[in-house]
**Q** 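Mind looking over this structure? Questions follow.
Residue numbers start at 1 and run along the sequence shown. Source: prediction; values computed, not measured.
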Amino acid sequence: MRMCATLRGEKTPKMLSGLSEWFWQERLWFPKGLGWADLEDRDGRVYAKARDLWVALPIALAFLIIRQIFERTVATPLASLLGVKETVRLKAPHNPTLESYYCNITKHPSQTSIASLCKQTGSSERQVQRWFRRRRNQDRPSLLKKFREASWRFTFYLLAFIAGLAALIDKPWLYDLQEMWQGFPVLTLLPSQYWYYMIELGFYSSLLFSVASDVKRKDFKEQIVHHVATILLISFSWCVNYIRAGTLIMLVHDSSDYLLESAKMFNYAGWRNACNYIFIVFAAIFIITRLVIFPFRIIYCTWVYPVTIYEPFFGYYFFNGLLMTLQCLHIFWAVLIIRIAVRFLTNNEKVDDERSDKDETDESGEEEEEEEGVKKNTKKNGPVLNGHTVHNNNHSKTE
């Protein structure tokens, strides 16, 4: 038995070593005739190394800590200054049967299920429906939580865009995209490129770590795909020295994201006009950068131009496959953005984020009767609940 265990222990490192050798073989990641030896530091020139990516993990942890401090010390006072208030909702009364059904089966029971729950609890159909509405509202994030998250992302995207623009403003490949492949793969790593990469990778890693606690929207799965594709794209382009292309891709993405987050902030604060006009500017920049510049300029220079220099290889297809994944997400979000913009421009409707769940209101006759009863009791007996009248706060501002 001990001998078998020893043999298995010896095989495992050999298997991992063989897998590592296969994964990092040069023919997968480089054009013919080039390899890892070309990226060894020499003559005072420094090149990107795969081991550098570990730096992103402590940076991601630092972002999570900084975010908590920022949301408490900056975002919360700013929300108060702009008039954003914590959403207060009526709580669903304690009911073990309904709570069990809500947690274990579904949050949206069918009409047949509601009838069955009425028999089990002895409640009317309206009472059961109202209980589920209130219970769903309890799980929805408050305006203050949404505002704090938007303000954190706005701050990062704005600073990242400014920093990226400063790092690239004097680089020839910002103006002539074919320059991004000049001398590939022997491209010297600049300090500005190093920190731009590590900070962006750390930030998107922190978003992936905090996804469970962040506001969940209807495009939650698409957001996960976007974060994973972005992390893979940044990591891969770093390892094989596609750094010039990577910096341009990050700059294009950062150019519009801060506008979207600022529009959300004004929306949560109830500043309708500011939200609407910023959103229209965001929509225009998003369409230009993500549906024009990204596919017809950047992807063209990573898909079409490189094959005029060297033969296609696995890394070439992998890199462009990630870019096409991002482009599909751009089209998906562009449809949502255009739909919202058209509604605003044609009907002057309020700009609302279609991805967000909205609070459900209690509209039943019984609810109105209960509110009337509360008002009568308040007139007779004075204010209730420690001197404060009861308000139905389900009618709150939504995204």
Side-chain angles (χ1 to χ4, degrees), residues 140-141 143 146-147 149-158 160-161 164-165 177 204 207 211 214-230 233 248-303 320-359 397-399:
R140 292 187 172 94
L143 283 179
K146 293 177 180 179
F147 180 90
E149 181 178 306
S151 60
W152 164 248
R153 297 191 183 197
F154 162 77
T155 302
F156 175 82
Y157 290 138
L158 178 60
F161 176 66
L165 195 59
L177 297 185
Y204 280 103
L207 290 184
V211 71
D214 286 345
V215 176
K216 290 183 175 61
R217 294 181 170 85
K218 294 176 182 177
D219 64 344
F220 176 75
K221 293 180 181 179
E222 288 81 3
Q223 286 283 359
I224 295 294
V225 172
H226 175 268
H227 295 340
V228 172
T230 301
L233 187 63
L248 290 175
I249 293 166
M250 291 188 292
L251 183 67
V252 165
H253 282 75
D254 291 336
S255 64
S256 62
D257 287 343
Y258 67 91
L259 289 170
L260 174 62
E261 300 303 330
S262 63
K264 289 181 184 179
M265 292 168 63
F266 284 115
N267 183 32
Y268 302 146
W271 294 36
R272 178 178 175 181
N273 289 335
C275 168
N276 291 348
Y277 294 125
I278 291 175
F279 182 83
I280 294 302
V281 174
F282 157 75
I285 295 177
F286 183 94
I287 291 170
I288 292 171
T289 56
R290 309 289 181 94
L291 300 186
V292 179
I293 295 177
F294 187 75
F296 296 108
R297 296 284 292 159
I298 292 181
I299 292 183
Y300 176 85
C301 279
T302 60
W303 186 274
N320 284 287
L322 292 174
L323 293 184
M324 293 305 297
T325 300
L326 288 181
Q327 186 57 32
C328 290
L329 292 173
H330 295 165
I331 295 171
F332 169 79
W333 284 318
V335 171
L336 298 180
I337 291 167
I338 292 171
R339 189 184 303 167
I340 296 171
V342 168
R343 273 210 312 265
F344 165 67
L345 293 174
T346 56
N347 302 323
N348 197 29
E349 294 183 9
K350 177 183 175 183
V351 169
D352 272 328
D353 191 347
E354 292 190 354
R355 304 170 303 157
S356 298
D357 287 335
K358 298 176 176 60
D359 282 2
K397 291 182 290 183
T398 58
E399 259 189 310

**Q** In chain order, what residues pass the side-chain contact (heavy atoms from CB on, under 4.5 Å) check against A150, with sequence neighbours excluded?
**A**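 Residues passing side-chain contact (heavy atoms from CB on, under 4.5 Å) with A150: E261, K264, M265, Y268.
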**Q** Are Y157 and H253 an aromatic pair by the rule of ring centers under 6.0 Å?
**A**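 Not close enough - the centres of the two rings lie 6.0 Å or further apart.
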**Q** Roughly how far, to the nearest 0.5 Å, is the CD1 atom of I249 from the CG atom of L233?
**A**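 Reported to 0.5 Å precision, the distance equals 5.0 Å.
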**Q** Please report the interatomic distance CG(N276) to CH2(W271), rounded to the nearest 0.5 Å.
**A**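 Spacing of CG (N276) from CH2 (W271) equals 14.0 Å.
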**Q** Can you confirm whether W333 sits close enough to H226 that some side-chain heavy atom of one is under 4.5 Å from a side-chain heavy atom of the other?
**A**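 Yes; the side chains approach each other to less than 4.5 Å.
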**Q** Kindly give the heavy-atom pair with the smallest separation between G164 and L251, and that separation in Å.
**A**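 Closest pair (atom of G164, atom of L251, distance): C-CD1, 3.8 Å.
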**Q** Taking atom CZ of F266 and atom CZ of F154, what is their separation to the nearest 0.5 Å?
**A**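 Rounded to the nearest 0.5 Å, the CZ-CZ separation comes out at 8.0 Å.
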**Q** When rounded to the nearest 0.5 angstrom, what is the spacing between CZ in F282 and OG1 in T289?
**A**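 Between F282 CZ and T289 OG1, I get 8.5 Å after rounding to 0.5 Å.
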**Q** Could you pull out all residues at least two apart from W303 that satisfy side-chain contact (heavy atoms from CB on, under 4.5 Å)?
**A**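 By the side-chain contact (heavy atoms from CB on, under 4.5 Å) rule, W303 matches I299, Y316, N320.
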**Q** If the test is side-chain contact (heavy atoms from CB on, under 4.5 Å), which one of I280, L259, L260 qualifies with I285?
**A**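 Looking at I280, L259, L260, the match for I285 under the side-chain contact (heavy atoms from CB on, under 4.5 Å) is L259.
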**Q** Would you indicate whether the side-chain heavy atoms of L323 and F294 approach each other to under 4.5 Å?
**A**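 In contact.
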**Q** With sequence neighbours excluded, what pairs up with R153 under the salt bridge (charged side-chain N to carboxylate O under 4.0 Å, His left out) test?
**A**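 Partners of R153 under the salt bridge (charged side-chain N to carboxylate O under 4.0 Å, His left out) test: E149, D214.
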**Q** Which residues satisfy the side-chain contact (heavy atoms from CB on, under 4.5 Å) test with Y300, sequence neighbours excluded?
**A**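 Partners of Y300 by the side-chain contact (heavy atoms from CB on, under 4.5 Å) criterion, ordered by chain and then number, come out as V304.
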**Q** For L291, enumerate each residue passing the side-chain contact (heavy atoms from CB on, under 4.5 Å) test, keeping only those at least two apart in sequence or located in another chain.
**A**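 Applying side-chain contact (heavy atoms from CB on, under 4.5 Å) to L291 gives I287, Q327, H330, I331, A334.
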**Q** CZ/F161 to CG/D257 distance, rounded to the nearest 0.5 angstrom?
**A**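 One finds 10.5 Å between CZ of F161 and CG of D257.
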**Q** Is there a side-chain contact between L207 and Y204 in this structure, where contact means two heavy atoms from C-beta onward sitting under 4.5 Å apart?
**A**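 The answer is yes, as the side chains (C-beta and beyond) meet within the 4.5 Å cut-off.
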**Q** I278 and S262: which non-hydrogen atoms are nearest, and at how many Å?
**A**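 Closest approach of I278 to S262: CG2-OG, 3.4 Å.
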**Q** What residues, two or more places apart in sequence or in another chain, satisfy side chain to side chain donor-acceptor pair (under 3.5 Å) together with D254?
**A**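 With sequence neighbours excluded, D254 shows a side chain to side chain donor-acceptor pair (under 3.5 Å) to no residue whatsoever.
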**Q** Indicate the atoms forming the closest heavy-atom contact of C275 with N267, along with that distance.
**A**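 Closest pair (atom of C275, atom of N267, distance): SG-CB, 3.6 Å.
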